[in-house]
Peer 1: 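Here it is: the structure, laid out below.
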2 protein chains.
Amino acid sequence: MLQHSTATIEPAPLDRVLQALADPTRRRMVEVLSEGPVSVSELAKPFDMTLSAIVQHLAVLESSGVVRSEKVGRVRTCRLDPAALDTAEQWVHQRRAEWERRFDRLDQFLARTAPAAAEQDASKSPKKEPSP
Amino acid sequence: MLQHSTATIEPAPLDRVLQALADPTRRRMVEVLSEGPVSVSELAKPFDMTLSAIVQHLAVLESSGVVRSEKVGRVRTCRLDPAALDTAEQWVHQRRAEWERRFDRLDQFLARTAPAAAEQDASKSPKKEPSP
DNA sequence: GCAATACTTAAGTGAATGCTTCAACATTCA
DNA sequence: TGAATGTTGAAGCATTCACTTAAGTATTGC
């Protein structure tokens with residue numbers, strides 16, 4: 001899926017995305033926006049702080065790419081950009097995957113070196129050591 | 001000053017996880033740890049800062065649950081806890097999912113109200129809107 | 001015992017963050 | 001037109017953050 005055609009050199013998107021999502025207020029804003037686009041003042045309503053504060057949070061969300069907005073008349077409408085969320089999701093997912101992959105290697109290693117604990121795997125072909 | 005003490009006070013695990021991952025140094029630490037458990041000083045080696053700084057980052061990671069550690073003798077060994085990462089992954093995933101679900105509803109709505117062209121008279125909506 | 005190792009803790013600093021208030025500005029509508 | 005609406009911007013302030021330095025406390029090995 002192709003998104004922003006700008007193909008610009010983004011500084012550190014992952015950094016900004018996670019930093020944007022680290023704040024509970026901004027996360028609630030994302031939750032609101034995940035239900036659909038709203039204007040700035042709409043977005044601000046459920047929050048117990050000034051419009052100014054919300055606008056500043058919005059700026060963080062926009063600079064991270066998580067939210068985009070466009071102004072028509074005097075109303076700015078904000079919407080989620082799921083692609084930016086994808087960046088974060090993938091990073092987290094990959095760390096978990098790597099960790100689990102390592103776990104598998106460890107299992108194999110233990111099955112090889114301590115076959116007493118392993119019920120079934122004595123016949124597996126010997127392999128190189130998993131880097132610890 | 002009290003932070004918004006409104007109804008939805010999150011217990012805060014997600015908060016801490018995302019905040020932990022928001023920092024590039026801590027994220028690199030997680031990357032290192034995703035390759036397997038290491039001691040504190042091992043962990044600190046690739047970084048261009050004091051051990052103290054690393055230990056402080058480690059404390060953040062531990063308080064978020066992303067990393068756990070145990071001390072044997074004088075060596076503290078740190079390892080990733082993938083379950084904590086899961087919390088973050090799921091939250092992001094669900095926001096994306098909700099957004100895409102909404103997109104589907106919008107598609108359906110447009111297909112109903114503007115089958116050919118929405119040039120004129122899109123303002124009369126006899127059907128219920130997809131919940132905005 | 002003594003010194004090296006591995007971590008721990010405390011205190012300090014400059015920059016960033018999360019707010020606030022107050023003052024514009026642009027658009028819409030009576 | 002002029003008031004209401006919706007947003008924008010700047011300045012200020014308290015708190016948190018990412019470090020630093022400098023001093024500890026346990027373990028381990030000789």
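Each chain gets a letter, A, B and so on, in the order its sequence line appears, and its residues count up from 1.
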Peer 1: So, Thr77(A) and Glu70(A): side-chain donor and acceptor under 3.5 Å apart, yes or no?
Peer 2: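 No - no donor-acceptor pair under 3.5 Å links their side chains.
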Peer 1: Kindly say if Gln19(A) contacts the phosphate of dT17(C), meaning a side-chain N or O under 4.0 Å from OP1 or OP2.
Peer 2: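 The answer is yes; a side-chain N or O of Gln19(A) sits under 4.0 Å from OP1 or OP2.
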Peer 1: Which residues satisfy the ring pair (Phe, Tyr, Trp, His ring centres under 6.0 Å) test with Trp99(A), sequence neighbours excluded?
Peer 2: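 For Trp99(A) the ring pair (Phe, Tyr, Trp, His ring centres under 6.0 Å) partners, ignoring immediate neighbours, are Phe103(A).
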Peer 1: Evaluate salt bridge (charged side-chain N to carboxylate O under 4.0 Å, His left out) for Arg28(A) paired with Glu31(A), printing each intermediate quantity in order.
Peer 2: CA-CA 5 Å; Arg28(A) 272 176 64 214; Glu31(A) 280 168 6; 5.7 Å; no
Peer 1: Could you state the CD-C1' distance from Glu70(B) to dA6(C), rounded to the nearest angstrom?
Peer 2: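 Nearest whole value for this atom pair: 16 Å.
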Peer 1: Whole Å only: how far is the CG atom of Asp23(B) from the C1' atom of dA15(C)?
Peer 2: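 One finds 14 Å between C1' of dA15(C) and CG of Asp23(B), rounded.
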Peer 1: Send over the distance from Glu62(B) CD to dC7(C) P, rounded to a whole Å.
Peer 2: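 Taking CD of Glu62(B) and P of dC7(C), I get 12 Å after rounding.
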Peer 1: Show your working on salt bridge (charged side-chain N to carboxylate O under 4.0 Å, His left out) between Glu89(A) and Arg96(B) and close with a plain yes or no.
Peer 2: CA-CA 10 Å; Glu89(A) 196 180 339; Arg96(B) 257 191 2 120; 3.1 Å; yes
Peer 1: Protein within reach of the bases, or only the backbone? For nucleotides 1-11 of chain D, mark each nucleotide 5' to 3' as B, S or -, using heavy atoms under 4.0 Å.
Peer 2: ---BBSBSBB-
Peer 1: Mind checking whether Leu80(B) and Val75(B) sit in one hydrophobic cluster, side chains of I, L, V, M, F, W, Y counted as touching below 4.5 Å?
Peer 2: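 No.
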Peer 1: What's the CZ-P distance between Arg28(A) and dC19(C), to the nearest Å?
Peer 2: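 It is 11 Å, rounded to the nearest whole Å.
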Peer 1: Can you tell me the distance, in whole Å, between the CD1 atom of Ile54(B) and the P atom of dC19(D)?
Peer 2: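 The answer, rounded to whole Å, is 8 Å.
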Peer 1: Side chains of Ser34(B) and Arg95(A): donor-acceptor distance under 3.5 Å anywhere?
Peer 2: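 Distance-only check fails for Ser34(B) and Arg95(A).
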Peer 1: Measuring to OP1 and OP2 of dC19(C), would you say a side-chain N or O of His57(A) lies under 4.0 angstrom away?
Peer 2: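 For dC19(C), OP1 or OP2 has a side-chain N or O of His57(A) closer than 4.0 Å.
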